[in-house]
There are 2 protein chains.
Amino acid sequence: MTTMTRAKGATALPINTILSGDCIEAMNSLPENSVDLIFADPPYNLQLKGDLHRPDNSKVDAVDDHWDQFNSFAAYDSFTRDWLKAARRLLKPDGAIWVIGSYHNIFRVGSALQDAGYWILNDVVWRKSNPMPNFRGKRFTNAHETMIWASKSEGAKYTFNYEALKALNEGVQMRSDWVLPICNGGERLKDDNGDKAHPTQKPQSLLHRVIVGSTNPGDVILDPFFGTGTTGAVAKMLGRDWIGIEREESYRKVARRRIDDIRAFDGTALQVSTSKRAEPRVPFGQLVERGMLRPGEMLVNTRGQSAKVRADGTLVGDGVTGSIHQVGAKLEGAPSCNGWTYWHFKREGKVVPIDVLRQQIRAEMQ
Amino acid sequence: MTTMTRAKGATALPINTILSGDCIEAMNSLPENSVDLIFADPPYNLQLKGDLHRPDNSKVDAVDDHWDQFNSFAAYDSFTRDWLKAARRLLKPDGAIWVIGSYHNIFRVGSALQDAGYWILNDVVWRKSNPMPNFRGKRFTNAHETMIWASKSEGAKYTFNYEALKALNEGVQMRSDWVLPICNGGERLKDDNGDKAHPTQKPQSLLHRVIVGSTNPGDVILDPFFGTGTTGAVAKMLGRDWIGIEREESYRKVARRRIDDIRAFDGTALQVSTSKRAEPRVPFGQLVERGMLRPGEMLVNTRGQSAKVRADGTLVGDGVTGSIHQVGAKLEGAPSCNGWTYWHFKREGKVVPIDVLRQQIRAEMQ
DNA sequence: TGGCCCGATGAATCAGAGC
DNA sequence: CGCTCTGATTCATCGGGCC
């Protein structure tokens with residue numbers, strides 16, 4: 001699988017190869033100004049305390065691997081500065097970098113990028129369509145991760161395939177928020193025991209969008225935290241060259257086998273990246289938040305019975321508190337009720353179904 | 001509009017007032033540990049080079065006000081550290097802060113928050129349903145902003161109205177990505193010339209969700225970059241007290257007029273759904289004391305296993321003696337168990353969860 | 001073969017009161 | 001502060017087994 005090409009300088013660039021060892025040392029062994037794109041999924045520095053159980057008492061498989069352990073923010077910052085510096089040396093002047101992270105580390109990474117002279121082009125939010133819930137109800141569902149896209153320096157002529165991304169997005173300009181499912185099912189790589197081969201494998205759809213949008217065929221893409229090689233797999237499919245760096249032999253082994261099995265331009269696994277979303281669900285509470293209905297306002301049904309809107313989007317009526325559907329069902333003595341068509345509000349003497357307001361929101365969202 | 005209350009210390013807290021002047025000095029004049037929530041929309045440190053024009057050659061009205069100019073990252077970081085420090089002094093130990101920003105500044109802010117000892121709880125993405133397109137087609141549509149929600153320190157007992165937010169989201173737990181429209185139309189405040197009064201006015205819907213989710217009625221909310229007072233307006237509507245700090249008289253004037261025109265929602269509309277955790281605790285032994293269950297009576301789980309009730313409110317089953325929770329956990333081999341939903345008793349041939357008896361007691365208590 | 005039900009699981013900084 | 005005990009808490013998806 002190893003192929004060597006000559007870079008501008010004297011040193012060879014080991015394209016389509018997985019390098020072993022520490023990523024900073026490995027990067028420093030490569031020629032400067034030789035790489036078109038870097039995609040990096042560094043350790044997130046999660047600081048997990050005790051165990052976490054689901055409500056059904058099953059235990060959550062935590063990311064507690066040794067490679068994610070740092071003693072302090074200072075240690076993490078130092079590590080981040082070092083690998084970002086080594087990475088920047090490798091980038092061609094018009095090259096770019098993507099880094100993915102969560103709130104645990106992404107603010108450190110973003111600051112370090114700016115301090116190192118990179119120029120941030122966008123932050124892009126990966127909105128997970130199926131994230132793990134917050135089991136204890138103590139915070140918001142952690143439903144996204146953040147990617148930072150930056151050029152090597154201000155004013156660089158980075159690659160951006162605007163029309164290709166627009167086509168991927170059904171003819172509409174690609175936005176900075178991408179809705180994509182997490183990596184599971186058949187795409188999730190298993191080890192010989194049938195367990196997941198890597199705790200944080202990224203979906204190919206995410207890399208597909210990154211690579212289509214910010215490289216051209218024949219470009220060289222480096223991933224210094226290669227893991228099980230999603231970057232290399234998608235790069236190969238899309239006719240780009242790649243270099244991976246990975247410390248753990250177990251990950252390298254899985255990645256090698258995976259990439260060897262891929263033929264270029266075999267995009268069957270990527271169909272999910274263009275799949276259409278279902279019609280957006282509009283929570284009734286959003287009508288209250290947006291001021292379309294006031295807390296305290298009365299809704300009425302066709303029989304003239306009424307219920308009061310509360311600040312959290314629940315209704316109070318007939319001695320019951322609950323959703324528009326629940327209170328409607330109670331009033332009707334029915335097992336269920338479509339609150340959207342059941343309830344009405346008054347404006348200028350007229351009685352209007354609340355579904356009209358939902359239609360307005362959907363029209364804006366289109 | 002000015003109201004003064006006495007804080008714990010000697011200094012008065014000027015609630016429901018807009019303070020003028022520099023936000024750091026103003027914050028330092030207020031008593032420490034006196035504020036429940038801080039919402040901050042600091043300058044974004046935008047670095048716009050030259051004017052931006054739409055495809056039809058019309059000029060985009062950029063954010064280039066003098067208050068948004070910083071000469072370097074170092075100057076911006078210094079400013080950020082200073083106001084975050086002053087803000088942290090004001091927060092009650094169990095208080096929290098929200099800061100909103102874009103990729104230009106949010107990584108600096110996030111790092112500074114962590115360095116100052118705040119503890120990040122979530123980052124929340126405001127996904128704009130109608131953002132300004134990227135006119136030049138050189139980047140992704142900048143379609144979101146990022147908010148960071150943090151407690152004053154690790155382990156603090158921050159306020160999170162989980163059930164209210166879940167109700168707002170039609171019964172599904174609230175995620176870290178919020179889809180809300182930008183502020184325009186009638187909500188957008190105009191100055192006397194009919195131009196927009198403030199370049200970055202935030203939508204009320206955003207503040208509604210923040211305030212419902214992380215404060216209780218009667219709490220004090222401080223906004224050190226008050227602008228045209230969205231925070232104060234929504235706080236007043238929702239029955240919270242507020243303090244604004246704003247340097248520009250023109251913004252203060254618009255904000256004062258705006259907030260004076262608002263009336264608060266009535267008390268029952270402000271009540272939100274609460275968690276079971278808030279309900280009074282009922283010892284299982286009380287069911288025995290009150291004769292709702294007899295000592296010697298057998299309880300059963302859904303698998304038909306049984307345990308005997310003792311006079312002191314403990315159970316004996318499977319060779320174990322202990323609380324309803326302990327014996328249930330032992331039978332399931334689980335780390336914990338909610339005995340109230342796990343155990344059932346028999347009456348007239350029917351199997352009834354013991355939680356029904358707890359509900360009876362709670363109904364009598366209310 | 002199809003439909004339904006059940007179990008498993010995913011980058012997670014996930015409790016609070018009482019003594 | 002530390003220890004003990006109570007008891008609250010989940011969404012989307014995939015795959016396997018069963019009828």
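Here is how names work: the chains are called A, B, and so on, in the same order as the sequence lines, proteins then strands, and each is numbered from 1. Values below: all heavy atoms of this structure, side chains included; hydrogens, waters and symmetry mates excluded.
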May I ask you to say whether [X] pairs ionically with [Y], meaning some side-chain N is under 4.0 Å from a carboxylate O?
{"X": "B/D318", "Y": "B/K330", "result": "yes"}
{"X": "B/D115", "Y": "A/R108", "result": "yes"}
{"X": "B/E364", "Y": "B/R290", "result": "yes"}
{"X": "B/R358", "Y": "B/E279", "result": "no"}
{"X": "B/E297", "Y": "B/K346", "result": "no"}
{"X": "A/D177", "Y": "A/R127", "result": "yes"}
{"X": "A/D312", "Y": "B/K166", "result": "no"}
{"X": "A/R252", "Y": "A/E246", "result": "no"}
{"X": "A/D22", "Y": "A/R247", "result": "no"}

For [X] and [N], give me the distance from atom [atom1] to atom [atom2], rounded to whole Å.
{"X": "A/R108", "N": "C/dT13", "atom1": "CZ", "atom2": "P", "result": "17 Å"}
{"X": "A/I106", "N": "C/dT13", "atom1": "CD1", "atom2": "P", "result": "15 Å"}
{"X": "A/Q69", "N": "C/dA11", "atom1": "CD", "atom2": "C1'", "result": "13 Å"}
{"X": "A/L52", "N": "C/dA15", "atom1": "CG", "atom2": "P", "result": "8 Å"}
{"X": "A/L46", "N": "C/dT13", "atom1": "CG", "atom2": "P", "result": "7 Å"}
{"X": "B/I148", "N": "C/dT13", "atom1": "CD1", "atom2": "C1'", "result": "15 Å"}
{"X": "B/Q173", "N": "C/dC14", "atom1": "CD", "atom2": "P", "result": "15 Å"}
{"X": "A/H53", "N": "C/dC14", "atom1": "NE2", "atom2": "P", "result": "14 Å"}

Any donor-acceptor pair under 3.5 Å linking the side chain of B/Y118 with the backbone of B/L84?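 Flag set: sc B/Y118 to bb B/L84 pair under 3.5 Å.
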
Could you tell me whether a side-chain N or O of B/S214 sits under 3.5 Å from a main-chain N or O of B/V210, the two making a donor and an acceptor?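 Yes.
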
Hey, would you say the [X] and [Y] ring centroids sit under 6.0 Å apart?
{"X": "A/F79", "Y": "A/F70", "answer": "yes"}
{"X": "A/H104", "Y": "A/Y44", "answer": "no"}
{"X": "B/Y158", "Y": "B/W149", "answer": "yes"}

My understanding is that only residues two or more places apart in sequence, or in another chain, count here; which of them pass side-chain contact (heavy atoms from CB on, under 4.5 Å) with A/R81?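 A/D77, A/S78.
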
Looking at residues at least two apart in the chain, or sitting in another chain, which of them share a side-chain contact (heavy atoms from CB on, under 4.5 Å) with B/A334?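 B/A334: side-chain contact (heavy atoms from CB on, under 4.5 Å) contacts with A/N57, B/E332.
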
Could I get the full list of ring-ring contact (aromatic ring centres under 6.0 Å, His included) partners for [X], not counting sequence neighbours?
{"X": "A/W178", "result": "A/W98, B/F140"}
{"X": "B/W119", "result": "none"}
{"X": "B/F107", "result": "none"}

Separation of the [atom1] atoms in [N] and [M], to the nearest angstrom:
{"N": "C/dA8", "M": "D/dT9", "atom1": "P", "answer": "23 Å"}
{"N": "C/dT13", "M": "D/dA12", "atom1": "C1'", "answer": "23 Å"}
{"N": "D/dT6", "M": "C/dA11", "atom1": "P", "answer": "35 Å"}
{"N": "C/dA12", "M": "D/dG7", "atom1": "P", "answer": "29 Å"}

Counting only heavy atoms and a strict 4.0 angstrom limit, can you tell me which residues of residues 309-333 of chain B come near DNA chain D?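 Those residues are B/S323, B/H325, B/Q326.
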
Kindly state which residues belonging to residues 335-343 of chain B come within less than 4.0 angstrom of DNA chain D, counting heavy atoms of the residue only, listed by number.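 Contacting residues: B/S336, B/C337, B/N338, B/W340.
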
Within the structure shown, what part of the strands sits under 4.0 Å from [X] by heavy-atom distance: base, sugar-phosphate, or nothing?
{"X": "A/D41", "answer": "base"}
{"X": "B/F284", "answer": "nothing"}
{"X": "B/K276", "answer": "sugar-phosphate"}
{"X": "B/R358", "answer": "sugar-phosphate"}
{"X": "A/S102", "answer": "nothing"}
{"X": "B/E163", "answer": "sugar-phosphate"}

Can you tell me which stems DNA chain C forms, taking runs of 3 or more consecutive Watson-Crick or G-U pairs with both distances under 3.5 Å?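 Output for stems: C:2-10 with D:11-19, C:15-19 with D:2-6.
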
Glycosidic conformation of D/dT4, syn or anti, with 90° from 0 as the boundary?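 The base of D/dT4 is oriented anti (glycosidic angle more than 90° from 0).
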
Walk along DNA chain D from 5' to 3' and tell me the first and last nucleotide with an atom closer than 4.0 Å to a non-hydrogen atom of chain A.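 Going 5' to 3' along DNA chain D, contacts run D/dG7 to D/dG15.
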
Please check if atom NZ in B/K85 has more than 12 non-hydrogen atoms from other residues, nucleotides or ligands closer than 6.0 Å.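 No - once you tally the heavy atoms of other residues, nucleotides and ligands closer than 6.0 Å, there are 12 at most.
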
How about B/K92: does its NZ atom have over 12 heavy atoms from other parts shown lying under 6.0 Å from it?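 Correct, the count exceeds 12.
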
Side chain proximity check, B/D355 to B/W343, heavy atoms < 4.5 angstrom: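 No, side chains not in contact.
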
Is any side-chain heavy atom of A/L222 less than 4.5 Å from a side-chain heavy atom of A/L37?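 The answer is no; the side chains never approach within 4.5 Å.
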
Each nucleotide N or O in nucleotides 6-10 of chain C that has a protein N or O under 3.5 Å away: list the pair and distance.
unit_1, atom_1, unit_2, atom_2, d
C/dG10, OP2, A/K196, NZ, 2.7
C/dG10, O5', A/K196, NZ, 3.3
C/dG10, N7, A/R54, NH2, 2.6
C/dG10, O6, A/R54, NE, 3.1
C/dG10, N2, A/P131, O, 3.2

Within the sub-3.5 Å range, which N or O atoms of nucleotides 17-19 of chain C have a protein N or O partner, and how far apart are they?
none

Short of 4.0 Å, heavy atom to strand atom, which residues of residues 136-146 of chain A count as contacting DNA chain C?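 Of all residues in residues 136-146 of chain A, the ones placing a heavy atom under 4.0 Å from DNA chain C are A/R136, A/K138, A/R139, A/N142, A/E145.
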
Whichever of B/K166 and A/G186 has its nearest DNA chain D nucleotide further upstream toward 5':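 Closer to the 5' end of DNA chain D: B/K166.
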
